[in-house]
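Each remark here refers to the structure printed beneath this line.
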Amino acid sequence: MPTWTLRVDEAAQIIDKHGLATIVEGPRSIYVWPSQIFRMLARYTADQNEYIVVKKRDGTVEHVPGPCVRYHDPIMMENVFVMSATALDANEVLVIYRYDTESQKVSRRIQHGPCIYFPAANEWLHTFVWHGNDPNNKTRKIPGAHTFNKLRVIPDQFYYNCEKVRTKDDALLTVKVMMFFEIRDIETMLNQTIDPIGDFINSLQADIIAFASQLRYEEFVDSIGKLNQLESYQQLVERSRKVGYEVTKVINRGYHTTDRLQKLHDQAVEKRSTLKVAMDTEQQQQDLTDYKLHNEQQQSAIKQALELDSAKHQYQLQKSQLLHTIKLTNEQQLEVLEREKAKKLSELYSQRAADEEKLAHYSNLKKLGVDLTSYFVSQNPKPEHIIRVITDGADSESAVHIHP
């Protein structure tokens, strides 16, 4: 009777003559009867970032998250394999669908990172199929070139060349832009579009073609700066809003056209540049002349202002001196007047005192009975002789001499 030894990481299946199967795990030794069938089982191991998918023969599927170990039982299991779990960063999400066997309905949910997602047996992931970059030209987009499950929710951007753009005068151009966008509503995006990049490209083309078709080539070259403004992309902004995105900026990276038209344009630009340089030189000379004249005028004005200030200063000095002289003169005159006034007052007071003294004397005389009239006459006696000189006016220079 043969003996089998199983290690700690091994398992075996023993089937007896009645068809009953028994699984034995190591470590142990097994005695196998000739009527029994012995076979080793394949071992499957999943770590913390993996899970084991067990597909049973009755059609059911089991997902076992790691870390775990499963042995392939060929009687009960059709297939066993190990799958990697989906690791999500903080700026990534998964769109997960789940089938409910009881209600027989499918629900959808959004799983945000950071996390490690282990799908259940009745769950599956949404697969996004969008326009992607051409491997040979990053400014060209190919439908269906970008297939993925993890949706990035951080601001993103892409380069794009809008080809075959015709101006009003039928010039053929290729306009190069760079678009910045950010997702705002994942549910709206899932419900409204299957390829937002394709929608962006179509809207960009429509806006740029509409912009260029209204302008001639020269006008387009002069107005190309407007392609840096969101106001020039009305269809793009509106479509992005409807699909749950926001276009934050569109940058015009330039344009190019056919070699022949570009050569003509370069020649015109060179000629305009030459004329502009000549005009700028003439303008600079005119500006220099104007600057010199302006400076001379300023210097003359400053000189006149200084002379005027000097004259005003001299005037103020003379005025101050004159006022000071007048003030001193007035003070001196006032002082003289005050002295004369004091002198007159003194004389008046003296005369008054004398008059009062005479009045008192005359009053005393009257009281004593003296005849004041006789007294006054005696004080002023009548002259003894009166001499009268009469001239006829013929000789006004005649002189009279009287001797006692």
Side-chain angles (χ1 to χ4, degrees), residues 222-223 225-226 228-229 231 272-404:
D222 294 336
S223 305
K226 294 182 179 179
N228 289 319
Q229 304 172 1
E231 290 77 7
R272 286 199 302 269
S273 300
T274 303
L275 294 175
K276 189 174 185 302
V277 168
M279 184 176 67
D280 292 342
T281 303
E282 182 66 23
Q283 184 64 39
Q284 289 177 358
Q285 292 178 353
Q286 291 291 338
D287 292 342
L288 181 60
T289 303
D290 294 341
Y291 178 74
K292 290 180 178 179
L293 291 175
H294 180 68
N295 285 343
E296 291 176 357
Q297 291 177 353
Q298 284 187 335
Q299 292 176 358
S300 177
I302 293 173
K303 185 177 180 180
Q304 292 177 359
L306 291 174
E307 292 177 353
L308 180 61
D309 292 340
S310 178
K312 288 182 178 179
H313 182 66
Q314 293 295 331
Y315 170 76
Q316 291 294 333
L317 289 177
Q318 294 176 0
K319 180 179 179 181
S320 299
Q321 292 176 356
L322 181 60
L323 291 175
H324 183 67
T325 303
I326 293 173
K327 183 178 179 181
L328 291 176
T329 303
N330 290 336
E331 290 177 352
Q332 292 174 356
Q333 290 178 353
L334 287 174
E335 185 178 355
V336 171
L337 291 174
E338 289 293 332
R339 287 198 300 268
E340 292 179 354
K341 179 180 178 182
K343 182 178 179 181
K344 291 291 184 182
L345 287 175
S346 178
E347 292 176 354
L348 289 174
Y349 288 149
S350 299
Q351 183 67 35
R352 180 180 177 183
D355 292 342
E356 289 178 352
E357 185 179 355
K358 287 182 179 182
L359 180 61
H361 176 66
Y362 294 152
S363 297
N364 292 329
L365 291 177
K366 185 177 181 180
K367 289 178 180 180
L368 293 174
V370 177
D371 188 0
L372 295 178
T373 304
S374 299
Y375 177 75
F376 291 143
V377 170
S378 64
Q379 292 294 324
N380 297 284
K382 184 176 180 182
E384 296 180 356
H385 303 282
I386 298 174
I387 299 173
R388 179 178 297 176
V389 179
I390 300 173
T391 63
D392 56 3
D395 188 6
S396 60
E397 297 182 357
S398 59
V400 178
H401 299 277
I402 298 177
H403 300 279

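Bear in mind the structure is a predicted one, so any value in this text is a computation, not a measurement.
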(message) Taking the side chain as everything from C-beta on, heavy atoms only, tell me whether Leu365 gets closer than 4.5 Å to His361.
(response) yes
(request) Starting from the C-alpha separation in whole Å, work towards a yes-or-no answer on side-chain contact (heavy atoms from CB on, under 4.5 Å) for Glu340 and Leu337. (result) CA-CA 5 Å; Glu340 292 179 354; Leu337 291 174; 4.1 Å; yes
Name each donor-acceptor pair under 3.5 Å that joins a side chain in residues 342-355 to protein atoms two or more places apart or in another chain, with its distance.
| unit_1 | atom_1 | unit_2 | atom_2 | d |
| --- | --- | --- | --- | --- |
| Ser350 | OG | Ser346 | O | 2.9 |
| Gln351 | NE2 | Asp355 | OD1 | 3.0 |
| Arg352 | NE | Glu356 | OE2 | 3.1 |

(request) With rounding to the nearest 0.5 Å, note down the distance linking NZ in Lys292 to CD in Gln299. (result) 12.5 Å
(request) Any chance you could lay out the side-chain contact (heavy atoms from CB on, under 4.5 Å) test for Gln298 and Asn295, step after step, and finish with the verdict? (result) CA-CA 5 Å; Gln298 284 187 335; Asn295 285 343; 3.7 Å; yes
(message) Taking side chain to side chain donor-acceptor pair (under 3.5 Å) as the cut-off, I'd like each qualifying pair that reaches into residues 324-333, sequence neighbours left out, listed once.
(response) none
(request) Please round to the nearest 0.5 Å and tell me the distance separating atom CD of Gln304 and atom CD of Gln297. (result) 10.5 Å
(message) Rounded to the nearest 0.5 Å, what separates atom NZ in Lys366 from atom OG in Ser363?
(response) 8.0 Å
(request) Determine, step by step, whether Gln286 and Asp290 satisfy the side-chain hydrogen bond (donor to acceptor under 3.5 Å, both in side chains) criterion, reporting the C-alpha distance in whole Å, the side-chain angles of both residues, the deciding distance to 0.1 Å, and the verdict. (result) CA-CA 6 Å; Gln286 291 291 338; Asp290 294 341; over 6 Å; no
(request) Just grab all the side chain to side chain donor-acceptor pair (under 3.5 Å) pairs involving residues 309-320, residues at least two apart or on different chains. (result) none
(message) Using a 3.5 Å distance criterion without hydrogens, assess whether the side chain of Ser300 forms a donor-acceptor pair with backbone atoms of Glu296.
(response) no
